[in-house]
Amino acid sequence: MPSTAKPTAPNLRELPLANQPDPAQLDNIKAQLDLVLLALEALVGIGSEAMLQAATELGLESVVADRVALWRLRQSSPLRKGQGGRKKLDIEEARALVLISCHLAKQHQELIRRAVALLEQLAEQNREPHQTALLGDYLDAFSNTYQERMEDAQQGHVQSLDHLALKLLIDLLFYSAPNGTRRLWLALLDRAKDPNHPSAVSSPH
Amino acid sequence: MAQDSPLSRWAGQQVLKNVRFKLSLDDPRSSEEQWMTLQGDRAQLEALQEAVEDYVQQFLEQTSAQFSSAFLVPSQPNPSSPTTHPEVQSGNATSHLYSLSGRVETDLAPVNGSLDDRTHPKFQQRRALVDRSSSLTDAAQTHGIYLQPEGLLKHTLFLGSIADEETGSTLQLSALQLFDLATALDEYAVDAVTLPSLGRSGWLKSPPSWARVAAIAVLAIGLTTSVAKLLDGSSNPQVATSGSQGASSADQRNNQTVPTPSIAPGLQPVPPLSSAQPLPPPPPPGSTTPANPGLPTVTVPQNAPANQTRGSNGNGAASVERPNTPPQIVAKASQSRGEPGTQAEVRLNPEISSAASSRAAASADTNAAPAAPSSSNNTAFDTIPQVAEARSYFQERWQPPEGLSQTLEYTLVLAPDGSIERITPLGLASGDYIDRTGMPLVGEPFVSPIANGRSPKIRIVLTPDGKVQTFLEQ
């Protein structure tokens with residue numbers, strides 16, 4: 001499959017959609033997208049400005065026009081505090097967030113790579129990632145921001161948050177590749193679509 | 001231009017047959033002798049590519065699965081339950097962090113009572129995670145190629161039919177190595193789709209000898225800005241301690257252009273290649289730009305490792321031996337600073353036993369000098385190591401005399417022991433200036449002995465701007 005993510009006109013056809021996701025799946029998609037962006041924020045220190053800039057570079061202004069629009073898209077995540085307001089995310093918006101996320105990941109691939117390398121090194125030495133500034137800051141930022149934004153009921157254990165943060169970090173590495181958008185898209189839609197997977201199992205919720 | 005004509009004959013006439021691949025996994029952390037090479041035919045390469053991409057996809061999907069189990073379904077079992085998680089039980093929080101998932105393990109043991117129920121979606125999901133290794137594509141299953149995770153950061157690649165005595169049946173990969181491998185294979189897959197297969201042409205019967213080099217599929221791997229910095233890099237791995245990383249991470253974040261030392265001595269940036277195009281026309285001579293940030297680059301190194309430490313001058317060699325040794329394409333994965341070489345350098349060497357080499361050779365070339373009318377892409381034709389040795393020999397010595405505007409060319413016939421048997425200057429200027437070139441005398445040691453005891457002919461091209469090109473004439 002050809003690589004995606006040309007900077008100008010994103011080829012939405014390269015992100016296939018066999019069936020419309022069911023509401024539970026859509027919930028999962030919204031949560032995941034918000035978390036991927038959260039990971040980028042925590043690692044790179046970027047904010048909505050960078051995301052909007054990416055949207056512009058990708059020609060997605062019609063979908064993500066301004067900060068408010070971006071916030072509302074991310075706020076659609078079921079994990080987020082503040083249950084009032086828009087909770088919808090349609091497929092085009094999801095695709096836009098996928099493209100933006102991978103675009104940003106690609107831009108910051110070096111840092112992501114460095115962080116993963118550092119993580120590997122620490123793991124081999126059986127040391128905590130918090131012992132390094134890069135990873136320690138990342139994990140702190142991730143869990144702080146998560147706890148600020150997400151509903152209390154979804155807090156989970158801090159350890160789980162750290163684990164999630166590290167997993168997302170590695171995911172970001174793969175999303176920074178030329179075929180990253182395709183990978184993220186397929187990961188969001190889960191594995192129900194691939195005919196080569198006879199044991200495809202739907203998402204547990 | 002004369003140097004274009006043989007190449008333009010080749011363009012559009014490429015034949016792809018019997019593709020073989022050779023994938024070199026150069027781990028800067030280990031010595032060269034330990035570097036693994038995977039090789040096989042096209043079917044195996046495709047199986048490998050599918051297996052890896054499949055596995056990567058599964059890995060990525062686990063975030064969603066893990067997340068939903070940990071966060072979206074609040075009634076999950078207590079993680080501190082002794083039966084839940086061996087790492088947690090031992091109280092080792094660190095290993096918990098590095099395990100694959102806080103909740104979802106890749107074994108079949110049920111976590112608690114509720115998961116004894118096989119209809120429970122949690123159980124099914126975990127079973128699916130385990131069974132994924134068996135739910136491969138046909139190609140991967142046929143060849144027995146698959147991967148399994150070992151915690152969050154390690155992966156085992158089961159080599160199946162690709163395994164040989166050197167590699168063993170499995171290969172351990174770190175997260176970065178998996179990423180680099182997947183990237184290399186994905187780029188191959190892109191190219192494999194775009195390269196056409198055409199029938200043989202009659203005029204292939206007697207191609208110039210230097211064009212009988214096996215064709216290569218040009219691959220590219222997206223590289224980051226760090227690659228451009230490799231030129232300045234030292235070859236010493238930098239141990240990242242908390243001290244060295246302690247210098248504010250904010251700086252690390254903001255300063256994307258921090259030079260990254262090359263971890264392995266052999267790493268260097270390479271010129272961009274248009275790999276996505278099926279039959280790119282030969283690049284104009286002199287298109288030897290160093291790696292640009294963000295552009296895909298491929299380096300085609302020479303056989304002799306010593307030459308790898310050179311700059312762009314030594315980069316373009318496709319070391320191909322007639323008839324069957326595949327040329328090597330080194331796709332340099334970017335290196336991150338401070339880590340002692342945790343990135344594997346992945347080299348993919350598809351070998352195509354057709355004669356349409358010069359197209360690929362042209363696009364792999366980095367040394368095409370503008371003022372060499374009769375030479376084409378020399379570095380792509382280092383079919384024997386002596387060609388590269390000859391080039392470095394002259395590179396050290398060639399200093400164009402003032403006022404020289406012509407290119408000097410010589411045909412050297414080498415004796416089997418590596419000395420020169422005969423020197424033939426080509427053209428008047430070459431004859432006039434021969435004693436200014438550093439040319440060794442007949443019988444003097446020059447290069448290493450020839451492998452099969454033959455007497456190859458090497459063309460030496462010396463340009464007035466100081467460049468040296470060499471290639472095998474026969």
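Not measured: the values here are computed from a predicted model. Order of the sequence lines fixes the chain letters, A, B, ..., with proteins taken first and strands second; residue numbering starts at 1 for each chain.
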Counting only N and O atoms by type, is there a donor-acceptor contact under 3.5 Å from the side chain of B/Glu61 to the main-chain atoms of A/Leu188?
->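 Not a single qualifying donor-acceptor pair exists.
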
Below 4.0 angstrom, N of the basic side chain to O of the carboxylate: do B/Asp180 and A/Arg113 qualify?
-> yes

Which heavy atom of A/Glu120 sits nearest a heavy atom of B/Ala175, and at what distance?
->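 That closest heavy-atom pairing would be OE2-N, 2.6 Å.
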
pair [X]-[Y]: side-chain heavy atoms closer than 4.5 Å:
X        : Y        : result
A/Leu186 : B/Glu53  : no
A/Leu184 : B/Leu60  : no
B/Leu178 : A/Phe174 : yes
B/Glu187 : A/Pro178 : yes

Full working for side-chain contact (heavy atoms from CB on, under 4.5 Å) between B/Phe59 and A/Arg183 | CA-CA 10 Å; B/Phe59 178 82; A/Arg183 285 177 175 159; over 6 Å; no

Taking atom types as modelled and ignoring hydrogens, do the side chains of B/Ser64 and A/Gln32 form a donor-acceptor contact shorter than 3.5 angstrom?
-> no

A/Glu124 side, atom CD; B/Leu153 side, atom CG - distance, nearest 0.5 Å =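 With rounding to 0.5 Å, CD (A/Glu124) is 9.0 Å from CG (B/Leu153).
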
Between OG1 of B/Thr183 and CG of A/Asn179, what distance do you get to the nearest 0.5 Å?
->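 Rounded to the nearest 0.5 Å, the OG1-CG separation comes to 7.0 Å.
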
Against chain B, label A/Leu135 side chain, backbone, both or neither, depending on which of its atoms sit under 4.5 Å from a heavy atom there.
->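 No part of it gets close to chain B.
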
Could you check B/Phe179 against A/Ile170 for side-chain contact (heavy atoms from CB on, under 4.5 Å), going step by step and ending with a plain yes or no?
-> CA-CA 9 Å; B/Phe179 173 70; A/Ile170 302 174; over 6 Å; no

